[in-house]
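Structure first, commentary second.
Numbering of ligands and ligand atoms starts at 1, following listing order. Predicted, not measured: the structure shown is a model, and the values here were computed from it.
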Amino acid sequence: MPKAKETVLEIDLKALKHNFEYIKSKLKADTKILAVVKAFAYGSDANTIANYLQDMKIDYFAVAYVNEGIALREAGIKTPILVLHPQPINFHALINHCLEPSLYSTKVLDEFIAVASEEKQSNYPVHIKFNTGLNRLGFSYNDVYSITTKLHETNVVKVKSLFSHLAASEDLNEKEFTLQQINSFKEIAHRFSKKLGYQPMLHLTNTSGIINYPEAHLDMVRAGIGLYGFGNASEIDKHLIPIASLKSVISQIHNIKKGETVGYNRAYESGGYEKTATIPIGHADGIGRQYGNQKGFVTINNQRAPIIGNVCMDMIMVNITGIDCHEGDEVIIFGQDPNASQFAETGNTISYEIITAISQRVKRSFLNR
Ligand SMILES: *Cc1c(COP(=O)(O)O)cnc(C)c1O
């Protein structure tokens with residue numbers, strides 16, 4: 001592949017296919033797969049990723065917000081789209097774009113039924129979300145009776161699925177808690193379906209749940225981070241390929257003397273004759289200030305160059321003393337080695353945060369489209 005000549009997020013669709021097939025290999029043949037493509041498909045490119053997965057016959061998509069779902073419809077996505085966290089103000093738009101809401105509280109359920117009847121809908125597909133321990137969004141077990149009673153009184157909506165979300169599926173020290181969540185979801189689903197009189201689809205697991213709790217795959221799984229190449233554990237990461245590589249270029253090299261300083265607030269002071277490189281990527285591109293002051297590093301000609309001084313809005317400076325490199329050379333921020341998870345650790349965070357932080361200003365380029 002050609003060397004980067006500017007800051008670019010390179011997205012390899014063959015890696016996406018590999019990850020998709022790895023996840024699929026963990027499932028029974030008839031288990032459906034929902035691809036979570038919220039937040040620009042975890043910072044990559046939602047339209048391209050969703051179109052690619054649609055061609056691979058993915059069963060479902062999920063986004064967080066209505067505007068993300070609308071963007072997918074406008075990009076030609078016909079596959080069902082679950083909106084995980086819709087706000088009632090957007091319910092008309094949601095219906096007009098055939099998006100399917102997660103209904104997680106009595107207020108949201110009532111408002112959705114009201115809007116859907118104004119829109120003259122019948123049997124509009126909805127998904128009922130239960131809280132089984134994350135305490136973020138969802139109805140509780142005690143709401144089953146009132147929801148099913150309400151649903152019997154209307155034909156405006158039809159429950160397509162029941163779901164819940166695991167709080168610690170990646171943490172095997174929390175196995176007991178997770179098993180409790182799985183059991184409580186199964187009980188809720190059983191009681192709900194019995195009262196409802198028909199059987200909606202059931203789904204519970206995210207990527208780590210898919211890997212660690214096969215007994216909880218149910219009718220469908222919800223894969224996010226795994227599709228993008230991370231498994232929240234090194235044994236799983238081995239089987240996955242990060243789809244996105246963040247690359248840049250050396251804009252300028254400076255030779256500085258002992259006592260000279262680098263960057264805003266003079267945060268770095270040179271200990272001797274040193275060589276620095278300025279790279280066109282900064283906190284406005286997603287490299288937060290926590291990576292500055294020698295926490296994070298970039299890779300130039302296979303050697304590590306620590307980020308020195310404060311991260312600027314549009315630039316970082318790195319120490320290239322002893323590294324054979326020139327202005328115009330390629331710089332790797334993350335990709336396969338280090339991957340985004342390893343890079344994120346240097347800033348005390350996780351793969352999810354660094355990859356979704358790469359701003360829309362950074363050009364996306366595609367391999368194996
Ligand atoms: C984001 C999200 C997922 C995907 O989780 P991963 O750990 O990225 O696989 C699944 N379900 C819900 C409800 C989510 O919000």
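Nearest non-hydrogen protein atom to atom 5 (O) of ligand 1 is N206 CB, 3.3 Å. Annotation: atom 9 (O) of ligand 1 to nearest protein heavy atom, T207 OG1, 2.6 Å. Protein heavy atom closest to atom 7 (O) of ligand 1, with residue, atom name and distance, is Y352 OH, 2.7 Å. Atom 12 (C) of ligand 1 has its closest protein heavy atom at H165 CE1, 3.4 Å. Protein heavy atom in closest approach to atom 11 (N) of ligand 1: R222 NE, 2.8 Å.
The distance criterion of under 3.5 Å between nitrogen or oxygen atoms is met by I225 with respect to ligand 1. Considering backbone and side-chain N/O atoms, A223 never comes within less than 3.5 Å of an N/O atom of ligand 1.
The only member of E274, Q294, K275 that meets side-chain contact (heavy atoms from CB on, under 4.5 Å) when paired with N319 is E274. Just one of N339, I333, T346, I287 meets the side-chain contact (heavy atoms from CB on, under 4.5 Å) condition when paired with I354; it is I287.
For H203 and R222, the side-chain atoms include at least one donor-acceptor pair closer than 3.5 Å.
Geometric assessment of K158 against the ring of Y198 yields a positive cation-pi assignment under the 6.0 Å and 45° thresholds.
Heavy-atom contacts of Y42 reach the following atoms of ligand 1: 1 (C), 4 (C), 5 (O), 6 (P), 8 (O) (cutoff under 4.0 Å).
With salt bridges taken as basic N to acidic carboxylate O contacts below 4.0 Å, none links E68 and K38. Taking 4.0 Å as the cut-off between side-chain N and carboxylate O, R361 and D314 count as a salt-bridged pair.
With E170, K129, K38, R136 as candidates, the residue nearest to atom 14 (C) of ligand 1 on a non-hydrogen basis is K38.
Scanning all heavy atoms of the two residues, the minimum distance from R136 to N131 falls at N-OD1, 4.4 Å.
Neither the backbone nor the side chain of N232 comes within contact range of ligand 1; no heavy atom lies under 4.0 Å.
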